[in-house]
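Since the model is a prediction, treat every value here as computed from it, not as a measurement.
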Amino acid sequence: MLEMIRTELAAAIGTALAAMGVEAPQIVVDVPPRRPLGDLAWAGALPLAKTLRRAPRAIAEEVARRLDEARATLPAEHPLAMLEPGCAVEGPGFLNFRLRRGAALARLLREMRESHPRRDERGGPGGVAEAGGSGGGPKCPPKVIVEHTNINPNKAAHIGHLRNAVLGDTLVRCLRYLGHPVEVQDYIDDTGVQVADVVVGFLFLPEERLLAAVGAAWPGLAPAPSRSGVLAAFAARAAAGTLVSDTLGEADLDDLCWDLYPRVTRWYEEDESAAARRAEVLHAVEAGFPSELSLEQAIEDLASSDHGPRTTDHASIARLAAAVAEANVRCHLVTMGRLGIAYDVLPHESDILHRGFWQRAFELLQATGAIRLEEDGKNAGCWVMSLADSPEFAGMADADKILLRSSGTVTYTGKDIAYQLWKLGLLRDAGGALHDFGYRAFVRFARDGAAGPVRYGQGARVLYRTASDPAERPTGVAFGAGGRVYNVIDVRQSYPQKVVKEAIRVLGHPEAAENSIHFAYEMVALTPKAVRRLEETHGLDFGLTAEDMAKPFLEMSGRRGIGVAADALLVTLIREAERAIADRQGEGPALAPELVAARARAIAVGALRYQMARQGRNRVLAFDFDEALAFEGDTGPYLQYSAVRAAKVFEKLAAQGLAGSTETDAGAAAAAAVSDDLWELAFACARTREVVGKALASLEFSLLAGHTRDLAQLFHKLYHEHSVLHAEDEAVRALRRGVFRLFGETIREILEELLGIPVPQEM
RNA sequence: GCGCCGAUGGCUCAAUGGAUAGAGCACCUGACUUCGGAUCAGGCGGUUGGGGGUUCGAGUCCCUCUCGGCGCGCCA
């Protein structure tokens with residue numbers, strides 16, 4: 001409603017200005033900072049003062065006069081009839097308008113009713129993109145691809161990954177809210193050194209070190225723990241599906257790897273011969289394995305050759321690496337699923353390699369002359385892309401980026417260019433056909449409600465993964481070829497992301513380059529206090545210097561094992577939430593444990609997601625336990641509590657037969673004089689779409705978070721001052737109830753659909 | 001060296017170039033025989049890092065300086 005009025009008002013101001021002989025470039029109707037000033041405002045008279053050589057107030061007054069005349073003839077159903085007649089010129093020349101509160105509130109309530117039942121799961125059925133998003137009706141906007149999470153599948157997710165996934169997921173939710181079809185991709189780097197390092201750990205790390213890492217996660221390996229025993233256990237667990245656990249707090253493979261990985265990197269530092277193992281495994285992983293090679297077979301091969309550092313079968317190593325990566329991916333899915341974060345497709349780097357994406361991209365780059373083979377100099381023998389002509393890269397000492405090494409292998413950036421081309425639908429074979437992956441179902445999943453946890457294993461929706469054989473393609477499945485692509489990656493990757501964008505541009509796709517958006521955000525680090533707490537609770541010593549500990553924050557490091565694992569944080573949050581619930585429970589019968597657990601989970605997710613959303617994206621998030629565990633003040637639970645309270649009011653009303661209906665409230669509102677405080681909340685609710693639009697335009701979800709907190713604050717205040725149940729009379733009750741109804745629906749929609757924060761029944 | 005980002009009350013953070021810079025935490029004083037106190041009311045606390053400039057208007061844009069962080073690989 002609000003958007004339509006603003007559009008019409010801007011048009012009317014434009015008409016008035018035109019009649020005054022003024023061609024205003026762009027008319028912006030905004031909202032005054034404080035409601036007493038009005039609901040809508042036009043500040044355009046101020047900049048016009050100079051060109052017109054008239055006082056800004058005089059300009060505003062003339063516009064006001066002409067507007068009044070024009071509006072006098074409008075039909076009653078015109079959007080501008082929703083404004084109070086007349087307008088005020090205030091301050092240096094602001095033109096302020098007021099809405100007819102009662103009528104506007106009635107309209108908001110009726111629109112709210114029309115939009116129900118809620119559109120659930122906008123953005124394609126079951127994760128299957130529909131015909132590249134180009135089908136559908138004429139007004140169907142092009143498909144947007146959002147890539148986020150992208151965790152190396154070699155260890156558990158940490159809080160840095162949480163920031164990525166929460167920002168990415170919030171982006172997805174906001175896009176869908178505004179009607180964009182969205183495809184969510186989680187890129188899996190299953191062939192990189194990080195996976196190789198963990199595999200080195202299983203195969204070549206000195207046995208006692210391996211056993212030390214495995215012991216914590218997999219107790220009961222005895223009686224005679226050994227490397228081959230570990231491998232056998234891995235195979236057994238893979239077969240039984242117990243490398244991954246749905247139970248929060250149970251040690252998964254990713255937790256085992258979290259411990260194993262730093263031991264491997266330490267071994268590299270201590271033992272020079274380890275480097276050869278690393279290279280060998282990496283090479284094996286990149287080469288892949290025949291599809292008929294089973295994990296059992298591979299592990300049997302590997303275990304039988306377990307006599308110290310000896311070269312084993314490369315295909316078997318690759319097969320093990322694939323299993324390690326896959327299990328880690330499944331762990332990550334479960335972790336993110338707990339926060340209500342789901343995906344449509346998992347593009348795998350191994351498939352990019354084996355499907356020849358780089359080969360095709362290389363041909364395209366050569367054909368357009370975007371890259372050249374360096375004959376001599378320090379980059380001799382490499383294919384490089386010159387960045388010298390691009391203003392983005394002006395002033396760089398070395399403006400050439402190597403895409404193909406002299407060894408003939410492709411760099412990370414090279415692969416990324418190929419992948420980005422595919423995402424944009426620009427990776428095409430000579431004949432013009434899309435150069436595409438194959439696909440196969442990875443796992444089924446379901447979720448309850450917009451913010452409920454994502455449960456894997458069964459359900460109506462299917463998460464797909466890529467395959468290297470393009471013939472492998474379930475019917476109706478198509479991914480990639482987006483009209484716009486957001487890559488959610490932390491700011492440290494800005495340089496390669498710019499190179500990718502530049503490559504798209506020089507390949508002759510300037511619009512596509514503009515639609516390749518790097519959603520950059522600052523890293524998550526740890527406060528020294530948080531690091532100390534980690535050392536204490538885990539009995540570790542990260543070996544940090546006094547100088548390190550004096551810094552404002554410390555970078556996490558998977559290699560050194562410094563970090564807060566996502567699941568561990570969630571466990572702590574849930575425990576704290578349970579304690580808070582118990583504290584507030586007072587006397588009376590104890591709650592059922594499942595009930596407490598469900599509420600605590602919702603509160604934990606709310607606290608976590610809100611903390612990630614409320615902070616501006618280009619500010620380092622220095623993680624602190626006390627801050628993360630706060631449930632009062634500017635926190636997720638504060639917002640959840642407002643939604644729970646609003647729902648409670650309606651429960652009580654219903655119990656006394658006073659619930660009314662949207663229609664009775666709308667009718668009452670239309671006839672009522674709406675007080676300032678009630679109006680302030682109603683008007684704020686009406687601004688939600690505008691705020692989502694701004695958040696999306698600036699990629700700043702702090703705007704949405706702030707808006708939500710404003711709503712909750714206004715509500716809590718009203719809640720204290722104006723009882724609905726004990727209202728003086730029915731008219732007053734209906735009006736308050738109408739505003740609370742609007743708030744209740746709005747806050748629930750924002751929390752569950754946009755911020756992914758579940759609203760519990762009770763807290 | 002070049003580039004990007006940050007600096008806002010004691011602390012953590014907000015604020016499409018607009019009107020009186022907002023929250024929370026901490027501290028102090030208050031509020032339930034009425035819809036749940038994870039709440040609310042009030043108080044304390046600011047020359048928005050320094051200096052120039054543009055503008056009718058600057059926390060926001062430009063220049064410069066200081067401090068802090070991060071990038072600038074034939075790593076991924």
Heavy atoms only, 4.0 Å cut-off, all strands: where does [X] land among base, sugar-phosphate and nothing?
X: A:Ala380; value: base
X: A:Arg34; value: base
X: A:Glu762; value: base
X: A:His518; value: nothing
X: A:Asp30; value: base
X: A:Leu404; value: nothing

Looking at [options], which one has an atom nearest to any side-chain atom of [X]?
X: A:His726; options: B:A38, B:U34, B:C40; answer: B:U34
X: A:Glu627; options: B:U12, B:C35, B:A38; answer: B:U12
X: A:Lys551; options: B:A38, B:A76, B:G69; answer: B:G69
X: A:Ala580; options: B:G37, B:A38, B:G69; answer: B:A38
X: A:Asn379; options: B:C74, B:A38, B:C35; answer: B:C74
X: A:Glu349; options: B:C56, B:A76, B:A38; answer: B:A76
X: A:Gln615; options: B:A14, B:G18, B:C72; answer: B:A14
X: A:Ala41; options: B:G24, B:C56, B:A19; answer: B:A19
X: A:Lys50; options: B:G18, B:C75, B:U55; answer: B:U55
X: A:His720; options: B:A38, B:A23, B:C40; answer: B:C40

Is it true that a side-chain atom of [X] and a backbone atom of [Y] form a donor plus acceptor pair closer than 3.5 Å?
X: A:Gln640; Y: A:Ala602; answer: yes
X: A:His283; Y: A:Glu280; answer: no
X: A:Arg6; Y: A:Leu2; answer: no
X: A:His348; Y: A:Ser350; answer: no
X: A:Asn379; Y: A:Cys382; answer: no
X: A:Asn150; Y: A:Tyr187; answer: yes
X: A:Asn152; Y: A:Asn154; answer: no

Separation of [X] atom [atom1] from [N] atom [atom2], in whole Å?
X: A:Tyr268; N: B:C75; atom1: OH; atom2: P; answer: 16 Å
X: A:Leu718; N: B:A41; atom1: CG; atom2: P; answer: 10 Å
X: A:Leu403; N: B:A76; atom1: CG; atom2: P; answer: 12 Å
X: A:Phe553; N: B:C11; atom1: CZ; atom2: C1'; answer: 16 Å
X: A:Trp358; N: B:A76; atom1: CH2; atom2: P; answer: 13 Å
X: A:Arg614; N: B:G24; atom1: CZ; atom2: C1'; answer: 7 Å
X: A:Asp710; N: B:C13; atom1: CG; atom2: P; answer: 19 Å

Using purine N1 to pyrimidine N3 plus N6-O4 or O6-N4 for Watson-Crick, or N1-O2 and O6-N3 for G-U wobble, both under 3.5 Å, which nucleotide pairs with [N]?
N: B:A7; result: B:U66
N: B:A23; result: B:U12
N: B:G73; result: none
N: B:C40; result: B:G30

Would A:Phe623 and A:Phe553 count as a ring-ring contact (aromatic ring centres under 6.0 Å, His included) if you check the C-alpha gap in whole Å, the side-chain angles of each, and the deciding distance to 0.1 Å?
CA-CA 8 Å; A:Phe623 180 87; A:Phe553 53 83; over 10 Å; no

Side-chain N or O of [X] closer than 4.0 Å to phosphate OP1/OP2 of [N]:
X: A:Tyr638; N: B:C40; value: yes
X: A:Tyr641; N: B:A38; value: yes
X: A:Gln194; N: B:A76; value: no
X: A:Arg492; N: B:A76; value: no
X: A:Lys648; N: B:C35; value: no
X: A:Lys652; N: B:G36; value: yes
X: A:Tyr719; N: B:G36; value: yes
X: A:Arg619; N: B:A14; value: yes
X: A:Gln713; N: B:C40; value: no

In whole angstrom, give me the gap between the [atom1] atoms of [N] and [M].
N: B:G46; M: B:A76; atom1: C1'; value: 45 Å
N: B:G9; M: B:G51; atom1: C1'; value: 23 Å
N: B:G18; M: B:G59; atom1: P; value: 10 Å
N: B:C44; M: B:C25; atom1: C1'; value: 14 Å
N: B:G53; M: B:A14; atom1: C1'; value: 27 Å
N: B:U12; M: B:G71; atom1: P; value: 22 Å
N: B:U8; M: B:G3; atom1: P; value: 24 Å
N: B:G24; M: B:U64; atom1: P; value: 39 Å

Could you check A:Glu578, A:Glu632, A:Glu762 and say which one makes a salt bridge (charged side-chain N to carboxylate O under 4.0 Å, His left out) with A:Arg584?
A:Glu632

Contact check, residues 701-708 of chain A vs RNA chain B, heavy-atom distance under 4.0 Å, returns A:Ser702, A:Leu703

Any Lys/Arg nitrogen of A:Arg278 or A:Glu269 sitting under 4.0 Å from an Asp/Glu carboxylate oxygen of the other?
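No salt bridge links A:Arg278 with A:Glu269.
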
Any donor-acceptor N/O pair under 3.5 Å between B:A19 base and A:Asn96 side chain:
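Answer yes: a donor N or O sits under 3.5 Å from an acceptor.
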
Taking N and O atoms by type only, does the side chain of A:Thr411 place a donor or acceptor under 3.5 Å from a partner on the base of B:C74?
no

Heavy atoms, side chains only, cut-off 4.5 Å: are A:Leu40 and A:Asn96 in contact?
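No; the side chains remain at least 4.5 Å from each other.
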
Aro-ring/base stack A:Phe94-B:A19, d under 5.5 Å, angle under 30°:
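Yes.
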
Go through the steps to decide whether A:Phe362 and A:Trp383 satisfy the test ring-ring contact (aromatic ring centres under 6.0 Å, His included), and finish with yes or no.
CA-CA 9 Å; A:Phe362 184 54; A:Trp383 283 86; 5.2 Å; yes

